[in-house]
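So the structure is just underneath, and the comments pick up after that.
Because only heavy atoms are used, hydrogens play no part in the values below, and waters and symmetry mates are left out as well, while side chains stay in.
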Amino acid sequence: MGDVGIDRRAFLSGVGGIAAGAAAVSLTACESRTDRSSTKSGKLLVVRDFGGAYGEANRKAIYDPFTKETGVRINVVNYSSDQILAQIKEGRPRFDVMDIDMSNLVRFEHEGASQELDYGRLKNTRNAGIAESLLTPNGVGKSYWASVLAYGADAFGGRKPASWADFWNLGTFPGRRALQGTVDWPELEFALLADGVPLDGLYPLDVHRAFKVLDEIKGSVGTFWEYGAEPGELLDRKQVEASSTWAGRVQSLIKGGSPLAYEWNGARRQSNGYGIPKGAANSDGAYRLIDFALRPEVQAHMTRIYPEGPVVPAAYGFLTESTAVNLASTPGHLLSGFDLDIAWWLENGNSVTRRWQEWVRN
């Protein structure tokens, strides 16, 4: 993903980040009476997204073209998940559309914080081939991203680790390892894949088995990374030989000339999506923007700027093969990886994360 660190940590810990809070206060303070009136009249739409490079890509691929076509101006805010919930529960959400990960959209549904979507108003979801798991009552998928196995291209004497079993094989692929810390759900699936569990047999996760497998390489795991750029930095500096990482991050480094490589086999896919908060001032505009963003050509435009896979298969008709090969939702990568089971993690995530943190400390 690359720009979700503060928000995801807030989701896992249950508290918002100070930096995110400061940004939210600043953005709120800048809202004028004219802006609020424009929102009510439908001429202004306020979108919450992750900001950074992702937000800039949204601006170029979605927001500006949408404004040009409709005349609806877009303001962008970046609230944490807990700030989002607090505003909605106060009955005063200061945004009309949520662009956030699907895990949070399902959470907001459970919290009664989002509107049930009227898919009759989202014509670009009809017979579009969007995965059923991304067409939830209160949220619709927008893009795929993935965590993958990355390594130094010259780390193993020309040998290339092709699976998580190879990541665990310290005899054939010796050296230091890095795994994700608390920035996202613990990577138990990778341990189970390394131990021979098939992709379609991962869930429900065998937590005890996963930690037993993790114990096998604990002595070689020197770092638990906490921000998106960290795995690439560790690999670039040869502080580790192999690490889990977000695919888009390592792709950017390779494009910039870093001697790194990565493997799609066993990739853990997740998705970002759209939702509409309860109490949104401009629900009509929200539906128009979401439907616009799910046009195949718009999905392709976004992908060319920011390396996340489109959820609408027809978007691939607008992409070159050289672009498609680097995306989590290409047909081949869909078969060689798996989707994180949101329902399982929402039910078990707190207890598993506590055990993971204890395992890391000890």
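- Remark: of the listed residues R177, R159, K160, K160 is the sole one forming a side-chain contact (heavy atoms from CB on, under 4.5 Å) with Y151.
- Side-chain polar atoms of R295 and H301 form no donor-acceptor pair below 3.5 angstrom.
- Counting heavy atoms from C-beta on, the side chains of L193 and F338 come closer than 4.5 Å.
- Counting only heavy atoms from C-beta outward, the side chains of M302 and Y54 approach each other to under 4.5 Å.
- Atom NZ of K218 sits in a crowded spot, with more than 12 heavy atoms from other residues, nucleotides or ligands closer than 6.0 Å.
- D49 places none of its side-chain heavy atoms less than 4.5 Å from the side chain of N272.
- Using a distance-only test at 3.5 Å, with no hydrogens or angles considered, a donor-acceptor pair links the side chain of H333 to the main chain of L327.
- Side-chain contact check for Y203 versus L340: some heavy-atom pair is nearer than 4.5 Å.
- Within the 4.5 Å cutoff, no side-chain heavy atoms of F318 are placed close to those of V298.
- Using a 4.5 Å cut-off on side-chain heavy atoms (C-beta onward), F190 and R268 make contact.
- Ring centers of W356 and F224: under 6.0 Å apart, within the cut-off.
- For W225 and Y227, the ring centers sit 6.0 Å or farther from each other.
- No close placement of the W344 and W185 rings is indicated, their centers lying 6.0 Å or farther apart.
- Just one of W168, W164, F156 meets the ring pair (Phe, Tyr, Trp, His ring centres under 6.0 Å) condition when paired with F173; it is F156.
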